[in-house]
Protein chains: 2
Amino acid sequence: MSSERLIYLPLGGAGEIGMNCYVYGYGKPGKERLIVVDLGVTFPDMDSTPGVDLILPDITWLKENRNRIEAVFITHAHEDHVGAVGHLFGDLGVKIYARAFTSNIARHKLAEYGIEGGAVQTVGKWPETVTTGPLTVGFLPISHSIPESSALVIDSPDGRIIHTGDFKLDTTPLVGEAWDPELWADVSKDGVKALICDSTNVFSRTAGRSEAIVTPAVEKLVAEADQMVVATTFASNVARVKSLAEAGAKAGRSVCLLGRAMRRMIEASNETGVLKGFPPVIGPEDVVKLPRDNVMLIVTGSQGERRAASAQLARGKFNGITLKEGDLFLFSSKIIPGNERGVIRVMNQFSENGVDIVDDSDGDYHVSGHANRPDLETMQDVVNPQIVVPMHGEHRHLREHVKMSESKGRQGVLAINGMMIDLSGNKPKVVEYIETGRTYLDGSVQIGALDGVVRDRIRMALNGHVLVTVIMDEDDEALGEPWCEVMGLPTQGRSHAPLTDILEADLAQFMGRAGDKTLTDDNKLENELRKLTRQSCLKEIGKKPEVTVVISRLS
Amino acid sequence: MSSERLIYLPLGGAGEIGMNCYVYGYGKPGKERLIVVDLGVTFPDMDSTPGVDLILPDITWLKENRNRIEAVFITHAHEDHVGAVGHLFGDLGVKIYARAFTSNIARHKLAEYGIEGGAVQTVGKWPETVTTGPLTVGFLPISHSIPESSALVIDSPDGRIIHTGDFKLDTTPLVGEAWDPELWADVSKDGVKALICDSTNVFSRTAGRSEAIVTPAVEKLVAEADQMVVATTFASNVARVKSLAEAGAKAGRSVCLLGRAMRRMIEASNETGVLKGFPPVIGPEDVVKLPRDNVMLIVTGSQGERRAASAQLARGKFNGITLKEGDLFLFSSKIIPGNERGVIRVMNQFSENGVDIVDDSDGDYHVSGHANRPDLETMQDVVNPQIVVPMHGEHRHLREHVKMSESKGRQGVLAINGMMIDLSGNKPKVVEYIETGRTYLDGSVQIGALDGVVRDRIRMALNGHVLVTVIMDEDDEALGEPWCEVMGLPTQGRSHAPLTDILEADLAQFMGRAGDKTLTDDNKLENELRKLTRQSCLKEIGKKPEVTVVISRLS
């Protein structure tokens, strides 16, 4: 038996939906040559990551093993797969391989960090392959909600792995390559060791629906509208954007794209030739010159993002355009869990302006980009892998996917972020636990999720912040009385006097009684002042704030 | 024509789902005698109200017109209708009328504020009425997801109003009174001036489903389970709690209720006689003595609330009980928008412990408590009101409900919080705009939503907080150098030196160059130091923090 082994190690995306980053390797234990699949991001929220700009996978392990990394492969251009290339490229410094459309997007991201485009190498679709160390990798086309999404066929001395990336089984995807079961069967015919598989929709029990079903509903809606029509969808869903634009053109409307991401995606699609026959578009400056019923806007902001075009239109105006009573706004999208409040806010703002809203609650105007449970079963039937390793899912998705695989008589492996799995031999096993986590991009700084920075922000948000200043003279006696400032706290409580007055009186009293042992010891004094401030606040306003004490000694 | 008028004024609940508070009045303009319908709360969230404990309607207008208020009527015991009685009773001091179950809940809330139970008067169902000033009010039974939910029949010299409260048209509600169209037709037969109507489910196009449909699905699920079964639902949905308990008992399981709200609701139901034949329950201390397959727990926390029983079980243990591999957890509930992340967190924690989760995604284990669009149409057909005023909905719901009413040839009125509507005469009209809003219960203090307290918390959470201390001596010269402390900010940025060192150096440099005009003027000095701190941070860490400057003068 060989002393080499074939490993799989998720660093992001296994136990969460988002921030995909997977590692494969082959070689002697601890000396495997590695490839990285995807460098994605996930998005912050006020609940757990206030003030954070973007969340990246913690790639400490990759940095420590940088000299073992052969290359990065990107399956497709969604932010949760490609979003971190700009931020993390500098730490890895290896070549990035992707198909043309994905390369185009990746190069733009690198350019923002001043990295030249040659770092990204464009690879054609299967049967073209790239050999890098002991692994040979090919991009196998599969349908998804973005052009040129691809599975990776990873060949190692220990056999073939198929990493599906994100996918659905769509035979009429409108833009890009259709699901081709013959091609997939052919690729799999000599045996597939492991299928590393998207789990997003494992709880959806009916077969997935094609992108093509959206077209007639959208066309009917647009044709019947009698004022301005505005539609939003994910900018990267180029097929949908095209369907929307065509529905507009068909109804005799001029089409205008609003929002940076929307224009960027169509530009990338045009530059790489994945999009043909997109209707001519006009600029926002021309929109205002046309009758309202001659216009169709396609805009960013399907998730209610505050800065996106839809939210700005809802608040009043975007690029000089204002929506009015009788206009129609279509959400050709679903709400990603957690974004409900933002989307509902936008809907109500439109309602206040008399704009009619249509969303996908009846299932007519959106289809998912991910394989449902029956499709996942079809995938297993076609590929017939020895092992199924679910990825791209929260814990509950991965667990259900493993159970489903086992119920079909296959080996399923529940591997979450940080679990290094040895796929060699007949029974996959966990051989190591790697410390993983999240890195926050905060302003221009990368901070660790456990650094305490965000914890302190959450505490200030929940509890408010009191600042206590005392000045001690050369004889270690208080010079004047303690001074308090509060931020994020009520100005007065039960005694109806200013809270700062109450606090200052309590603290002054304490300083008056405090002994030398306390007054000469900064730590002790600080702790006592903090404790007393918290107690006073609890009594006065019913909550214990965060307290910062500044002791200035003139000595 | 009479100089008296009949008014309707929503102070909460019209333009939002939650925090219901409506006012009706009759009399000469500005001198109408008033009744208040419902005193509800809504719940804070980290996005917009971090640290807040509860959100109450701003009743400034009611306080200003306190001597005109005759009474408060509570339609039912959901928190968004009765939750504020304890907090606001002291400001109004008038009698509260409600049916027995609601009274029981309201009295407990008042007791927490030391208010004796006589403040709440129990009223029997229609045809019993209460006459208070020029208005006569009766509680007309209607089905909902809590016992004894009632519409109010409000008779004024200007005609009859029906205020539906929350409702559904359920002829088999399992607990409490069924929808009785004959009774409602009889009440309406002499003409109804205005129907003030629940709008929650106006976008749901199919008729609502009865509580009874849940029973068989739950029974089957529980019967087939082979380890412990745990179910969560809204504690106030007493019918559901009973169905769950009966399914457990039928499967030979002992039933245990976990969570304060769950026990409180069942207690209130038993005390008021609305619940009969509830299976015997055991305490948590007995659960651990029984085989796992002999137990059924019914627990609080269907919305993933961190402190509720379900979240605590998901994290490990609650009341000595731990869930294990193979146990079954049923969400017999829907997710209220905004709570998705919390519920998903709980689901994944259970998944990590091997607990199987069943939720309502296939629609088998939960039904809504609100009337769907066809039911709203039925309601209008039965009551045949002159005017329909939608309430209990966000703006989009109210607007849709008005459109629906108008499409049926009725007068619809879109009235949001603060709009006083004159319902006298043939055409309702807005006669006044009252300032309304939200009051935050924060610790033990009530603060105004616009006081800036919460705004400051959000800013600290997003931007971090820097404290700058400078001491000025008797000659208005800086004594030592400025001192900085940071909270919620990275410890270092681009120059890889401690952020506080960088800031202190920049500030010291500024102090060195600052002229007397700046150094002697606290405001000027504070502004300059703040500006400089923000600029330095932007350069160093890419974000502009909140800054508090404390200048101590020894003079």
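Values reported hereafter were calculated over all heavy atoms of this structure, with side chains retained and with hydrogens, waters and symmetry mates removed. Just so we're clear, the structure is a prediction, and the values are computed from it rather than from any experiment.
- Looking at heavy atoms from C-beta onward, A/Leu467 lies in side-chain contact with B/His465 at the 4.5 angstrom threshold.
- When heavy atoms are compared at a cutoff of 4.5 Å, B/Glu394 approaches chain A by way of both its backbone and its side chain.
- By the 4.5 Å heavy-atom criterion applied to side chains, B/Ile458 and A/Met46 are counted as neighbours.
- Proximity to chain A (any heavy atom under 4.5 Å) is restricted, for B/Leu554, to the side chain, taken from C-beta onward.
- The part of B/Ile471 that comes within reach of chain A is its side chain, from C-beta onward, which places non-hydrogen atoms under 4.5 angstrom from that chain.
- Contacts of B/Glu546 with chain A are made by side-chain atoms alone, with heavy-atom separations under 4.5 Å and no backbone atom involved.
- Proximity to chain B is absent for every atom of A/Gln446, based on heavy atoms less than 4.5 angstrom apart.
- Heavy-atom distances place both the backbone and the side chain of B/Asp47 under 4.5 Å from chain A.
- Listed options A/Ser351, A/Cys537, A/Gly443 were ranked by heavy-atom pairs under 4.5 angstrom with chain B; first place goes to A/Ser351.
- Heavy atoms closer than 4.5 Å to chain A are found in the backbone of B/Val355, but not in its side chain.
- Neither the backbone nor the side chain of B/Arg455 comes within contact range of chain A; no heavy atom of the residue lies under 4.5 Å from a heavy atom of that chain.
- The parts of B/Ile541 that come within reach of chain A are both its backbone and its side chain, each placing non-hydrogen atoms under 4.5 angstrom from that chain.
- No side-chain heavy atom of A/Lys543 sits less than 4.5 Å from a side-chain heavy atom of B/Val445.
- Ranking A/Gly542, A/Pro490, A/Gly488 against chain B, the residue ahead of the rest is A/Gly488, based on heavy-atom pairs under 4.5 Å.
- If you measure heavy-atom distances from B/Lys403 to chain A, the contacts under 4.5 Å come from the side chain alone.
- The structure places CG of A/Asp362 at 11.0 Å from CZ of B/Phe203, a figure rounded to the nearest 0.5 Å.
- Most heavy-atom pairs under 4.5 Å with chain A: of the set B/Gln492, B/Arg205, B/Glu340, this distinction falls to B/Glu340.
- Neither the backbone nor the side chain of B/Ser361 comes within less than 4.5 Å of any heavy atom in chain A.
- Your options are A/Asp356, A/Thr49, A/Ile447, A/Asn463, and the one with the most heavy-atom pairs under 4.5 Å with chain B is A/Asp356.
- Here the CZ atom belonging to A/Arg399 is positioned 7.0 Å from the CD1 atom belonging to B/Ile357, to the nearest 0.5 angstrom.
- The candidate from B/Val453, B/Val486, B/Leu489 with the greatest count of non-hydrogen atom pairs under 4.5 Å with chain A is B/Val453.
- For a residue to count as touching a neighbouring chain, one of its non-hydrogen atoms must lie under 4.5 Å from one of that chain's; by this rule B/Glu540 touches chain A with the backbone only.
- Interface remark: of the candidates A/Gly354, A/Ala461, A/Gly464, A/Ala461 forms the most heavy-atom pairs closer than 4.5 Å to chain B.
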